[in-house]
> 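Dumping the structure here so I can ask a few things about it.
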Amino acid sequence: MSKVFKFFAASNHRNPSSSDPVRQTLVDETNTQTNGFKTSVFRLLRRFKSRRKIDGGSRTEAEERVYSWLYALAQSEKYIVFEYVRSTERGLSFAEAERRLQENGPNVPVQYTFPSWWHLLWNAFFHPFNIILIVLSALSYIANDGSNGCIMLILVFISVSLRFYQEYNSSKAAMRLSEFVRCPIKVQRCAGRVVQTELLVQVDQRDVVPGDIVVFEPGDLFPGDVRLLTSRNLVVSQSSLTGEFGTTEKTADIREDQSTPLLDLKNICFMGTSVISGSGTGLVVSTGPKTYMSTMFSNIGKQKPPDDFEKGIRSISYVLVCVMLVAATVIVLADFFRSRDISESVLFGISVASALTPQMLPLIVNTSLAKGALAMAKDRCIVKSLTAIRDMGSMDILCMDKTGTLTMNSAMMVNHLDSWGSTKEKVLCFGFLNSYFKTEQKYPLDDAILTYVFTNGYRFEPSKWTKLDEIPFDFTRRRVSVILETDLNAKHKSTHTLNRIVITKGALEEVLRVCSLIEHVDRGEISTFSEEDHQRILNMGEDLSNDGLRVLGVAMKRLDTQSRSTGIYDETVERDMVFLGLISFFDPPKDSAKQALWRLAEKGVKAKVLTGDSLSLAIRICKEVGIRTTHVVTGPDLELLNQDSFHEAVKRSTVLARLTPTQKLRVVQSLQTVGKHVVGFLGDGVNDSLALDAANVGITVDSGASIAKDFADIILLEKDLNVLVAGVERGRLTFANTMKYIKMSVVANVGSILSLLIATVALGSEPLTPRQLLTQNFLYNVGQIAIPWDNMEEDYVKTPQRWSLTGLATFILWNGPVCSLCDVSALLFIWFYYQTYSRQDLILFRSAWFVEGLLMQTLIIHLIRTEKIPFIQEIASWPVICSTVAISAIGITIPYTFIGSVMGFEALPLSYFGFLVVLFIGYFTVGQIVKRVYILVYKTWL
């Protein structure tokens, strides 16, 4: 499998249009040159536009051209194929091959142009939230408030560094696909001006061009899409495209039709697939970006869906900028008309803008994600992308491959049946002897037979048999035979009666092909193998296959002990054999799979199986693990559907079998774009890389293909779906704590700014000085650092959580006024009870307003963090409790200290704290009433 990646190169090339009209119509695309500056400007402008909707139900234009080109060649005679690619039966001349190489460029796939490090750094920096903090920091320095400006720059540095680190690592993983390893290819070329001579030469895979004739043998990789010219017992592995470890027979002497699925075309071999056995020659018809594999992998890096959370953060940033400009402008003007001091008014406006900004958002978000990653590491998961943890909390559909995910990826023997479907020990005995004495090319099915015999207590005494010879398995015969001998009178040394037999085991059709007799095991009779017997056994094998079982046939024949005494046998011994029966096998599901899928379903995550295996086998596995199989579909069926029918089929189906890699990609995209789902994909093969790259959460295992691990967001060190259940819970907890901070911070800040505006207009003076306001905001932000360590109610993690900007706006409109009501109540109490009418009483007012505002913003987390009654029905985690107590104590103490005197505070009367107790009881009461009404109306809280 690792050889597949020899075909990926580091550069990106386009092929000019060919002069051949057929090829130009079917394959070539317009070659456009773009100016680098224009491209950069376009990419910059595109950041402010929504992404193009992906249509999961149709092929791209490039894929349609490749499909049409390959089908046209598969349906054509060989001499016409030479005309299509402008080649001859002798091959290309060296001069023509060099000209085509210059014309088409090196034989490397089209690669996505991955962004440079400085581009990633710019993307990380150019974010509205960072711009807000930088502008405020600059204004703070201008206003001689360097400490606050420094704090904001540090927060920007942390935010940019974390994002750049994550995206740079992701880009490096993707660029590994571009690494190119040189691979020699045997090519037939012709030389000579007058008399042309055919030469067999080795060229580098990069130098292969359309029209070359390649010669291949076992172990070779196809350097491009190839139309077979000659073949001899050719068997090819297409696992790099399908992900399944079976083999495919290919032949040159056939003309295909349009109804055959592309990967099932017998006379076409694809770039990146390999020769298992046999040999032949082929005409290279497509290279580089025109190959099927290239169109498949050219989607890498382009299909990742937009992150709803990041989009929401950007939207919040834009809203905050607008609110900030309006609020700061109004407050600056109101303060200026009062004081006529523009510098003081601007400084106060900057303080107000700073208070409106949730400065700790990057730290809170990334701390929550990092905490989730550490927790998942304890569950033996490697989290490559921190944002994937949050996406797991929103995931509502998990697509998965069958092999190794739901099953143990091993064979288990099920039945040993005679020709009439009855369980017979003799069938097992001869199947066991074949596997026991077989020495070449041991397969898992042989181990399954041996394990079944030994664990079930059978005593077939293989020590009584002597192996004389073996006819090994090959992909042409698809069967293996062993020749054994035993002494029937071993107890009587005076007489020796030898019993020599050949036992054959293999694919049912191939075993039946060499049988002319059939044994009635019950009666011990052997009769002629009739057409009725043949059809009955084939039907029985088909029924077993439809149940998801793999079937092998078993046959035997007694040999003449006088002939071939040397013990050397060949394939001719496999004729006129006696058919005994069938042995069936099953890839058993994991013990943990059913439980894990049930737990995921309880949490609102639906499972869909996307596999390249047969439909019958996929259905059998899904039934075993509890996945509904009412609606199923296959890849060839999907190819025949229009866009709307495709999306509907994907929506309804729980089992999708015989899928190609691009079909898996389209299924994932359909669920995302049409179904509006957050999709996770669990796969471990090369054929899963497209879907892993496109899914919101790509998941693989440590034993998966290297390309799958490169594009996955999460790597499981154990193939256990229960780890994913824990990951979903971690993701929802992370999402919940992040939303706690966002909602609490925005509600508190908006309410505070509204209160400041009211107080400024009412008092005709600044309710807090810029230094006091910034200190209050700083203490409040520090108090929220403990939020990532908060716990969450069990009901919250039972359903997927999605970002909703509309829901956030509604939440602010409902809860923001409650905060302002609390602040205005405090303002009226201080104003009338302590009669702070004069400017001399302004110090007392500011001291009281500072303490009330800090306590209100600190305690709001307890009201918002739960649907229940805070401190009574639900208590926060001890880090949050300790943080609340510590910040509250500091805020209350400051007016009584030397620091408070420097900041312009004075000691508060004890009666004020009695009022605060009453005020906050009223705040929690009103807030709880608003909360219950909100939940009653919108059926949700966080």
> What's the shortest heavy-atom distance between Cys819 and Ile860, and which atoms?
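Minimum heavy-atom separation between Cys819 and Ile860: SG-CD1, 3.5 Å.
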
> Does some side-chain heavy atom of Leu863 sit less than 4.5 Å from a side-chain heavy atom of Tyr923?
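Heavy-atom side-chain distance check passes, below 4.5 Å.
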
> Does the gap between the ring centers of Tyr834 and Phe845 come in under 6.0 Å?
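Ring centroids of Tyr834 and Phe845 are no less than 6.0 Å from each other.
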
> Ignoring hydrogens, what is the shortest heavy-atom contact between Leu908 and Ser847? Give both atom names and the distance.
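Closest approach of Leu908 to Ser847: CD2-CB, 3.7 Å.
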
> Please report the shortest heavy-atom distance between Ala786 and Pro879, naming the atom on each side.
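Between these two residues, the closest heavy atoms are CB-O, 3.6 Å.
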
> Rounded to the nearest 0.5 Å, what's the gap from CG on Asp713 to CD1 on Ile699? Could you check?
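Answer for the CG-CD1 pair, Asp713 versus Ile699, is 8.5 Å.
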
> Report yes if some heavy atom in the side chain of Lys743 is under 4.5 Å from a heavy atom in the side chain of Asn815; otherwise report no.
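Not in contact.
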
> Count the heavy atoms of every other residue, nucleotide or ligand shown that sit under 6.0 Å from OH of Tyr833, and state whether that count exceeds 12.
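Open.
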
> Hey, could you give me the CG/CG distance between Leu854 and Leu859, rounded to the nearest 0.5 Å?
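Rounded to the nearest 0.5 Å, the CG-CG separation comes out at 9.0 Å.
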
> Give a yes or no answer on whether the side chain of Lys931 reaches the backbone of Thr866 with a donor-acceptor pair at less than 3.5 Å.
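Yes, because the side chain of Lys931 sits within donor-acceptor range (under 3.5 Å) of the backbone of Thr866.
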
> Of all heavy-atom pairs between Val697 and Ala388, which one has the smallest distance, and what is that distance?
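Taking Val697 first and Ala388 second, the nearest heavy atoms are CG2-O, 3.9 Å.
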
> Kindly compute the distance separating CD1 (Ile758) from CG (Leu754), expressed to the nearest 0.5 Å.
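Answer for the CD1-CG pair, Ile758 versus Leu754, is 4.5 Å.
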
> Let's go through Ser752 and Gln857 carefully: what are the C-alpha distance in whole Å and the side-chain angles of both, what is the deciding distance for side chain to side chain contact (heavy atoms under 4.5 Å, CB included) to 0.1 Å, and is it a yes or a no?
CA-CA 9 Å; Ser752 177; Gln857 290 183 332; 3.4 Å; yes

> Would you say that Leu597 contacts Met400 through its side chain, given a criterion of any heavy-atom pair below 4.5 Å between the two side chains?
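A side-chain contact under 4.5 Å exists here.
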
> What closest approach, in Å, do Ala712 and Thr700 show between heavy atoms, and which atom pair accounts for it?
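It is CB-CG2, 3.4 Å.
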
> Pair Glu906, Leu844 - check side chain to side chain contact (heavy atoms under 4.5 Å, CB included), show working.
CA-CA 6 Å; Glu906 67 178 35; Leu844 176 62; 3.3 Å; yes

> More than 12 foreign heavy atoms under 6.0 Å from NZ of Lys606: is that the case here?
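Incorrect, the count does not exceed 12.
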
> Applying salt bridge (Lys or Arg N to Asp or Glu O under 4.0 Å) as the test, list every pair that has at least one member in residues 857-876; sequence neighbours left out.
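Those involving residues 857-876 are Asp790-Arg865, Arg865-Glu874.
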
> When the ring planes of Phe905 and Phe850 are compared, do they come out parallel, tilted or perpendicular, using 30° and 60° as the limits?
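Because their plane-to-plane angle lies in the 30° to 60° range, the rings of Phe905 and Phe850 count as tilted.
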
> Using 0.5 Å steps for rounding, measure from the CG atom of Asn696 to the OG atom of Ser394.
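Output value for this atom pair is 8.5 Å.
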
> Is it the case that the side chain of Ser825 and the backbone of Leu821 share a donor-acceptor pair, with hydrogens and angles ignored and the cut-off at 3.5 Å?
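The answer is yes, because a donor-acceptor pair under 3.5 Å joins these two groups.
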
> Do any N or O atoms from the side chain of Thr858 and from the backbone of Ser888 form a donor-acceptor pair under 3.5 angstrom?
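Between the backbone of Ser888 and the side chain of Thr858 there is no qualifying donor-acceptor contact (under 3.5 Å).
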
> Quick one: does Ile892's side chain get under 4.5 Å of Leu855's, heavy atoms only?
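Yes; the side chains approach each other to less than 4.5 Å.
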
> Would Val917 and Phe913 count as a side chain to side chain contact (heavy atoms under 4.5 Å, CB included) if you check the C-alpha gap in whole Å, the side-chain angles of each, and the deciding distance to 0.1 Å?
CA-CA 6 Å; Val917 172; Phe913 293 100; 5.7 Å; no

> Please answer whether the main-chain N or O of Trp789 pairs with a side-chain N or O of Ser877 as donor and acceptor at a distance below 3.5 Å.
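Present.
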
> Once rounded to the nearest 0.5 Å, what's the spacing between atom CD1 of Ile389 and atom CE of Met392?
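Spacing of CD1 (Ile389) from CE (Met392) equals 9.0 Å.
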
> Apply side chain to side chain contact (heavy atoms under 4.5 Å, CB included) to Glu852 and Leu827, showing your working.
CA-CA 10 Å; Glu852 182 274 334; Leu827 183 150; over 6 Å; no

> Would you indicate whether the side-chain heavy atoms of Gln772 and Arg846 approach each other to under 4.5 Å?
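Yes. Closest side-chain heavy atoms under 4.5 Å.
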
> Which heavy-atom pair separates Val679 from Met395 by the least distance, and what is that distance?
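Distance-wise, the nearest heavy atoms are C-CG, 4.4 Å.
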
> Which word best sums up how the rings of Tyr912 and Phe915 line up, parallel for under 30°, tilted for 30 to 60°, or perpendicular for over 60°?
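Tyr912 vs Phe915 ring planes: tilted.
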
> Side chains of Tyr741 and Pro788, heavy atoms from C-beta outward: is any pair under 4.5 Å?
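Counting from C-beta outward, Tyr741 and Pro788 never come under 4.5 Å.
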
> Does the side chain of Ser883 come within less than 4.5 Å of Ile787's, by heavy atoms?
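A side-chain contact is absent here, since even the closest heavy-atom pair is not under 4.5 Å.
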
> I'd like to know if the side chain of Ser820 reaches the main chain of Gly751, judged simply by a donor and an acceptor atom lying under 3.5 Å from each other, with no hydrogens or angles considered.
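Yes.
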
> Does atom CD1 of Ile899 have more than 12 heavy-atom neighbours, drawn from other residues, nucleotides or ligands, at distances under 6.0 Å?
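Not buried by this count: 12 neighbours or fewer within 6.0 Å.
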
> Hey, what do you get for CZ (Phe871) to CD1 (Ile881), rounding to the nearest 0.5 Å?
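Answer rounded to 0.5 Å: 5.5 Å.
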
> Does a side-chain heavy-atom distance below 4.5 Å link Asp823 with Trp849?
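Yes; the side chains approach each other to less than 4.5 Å.
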
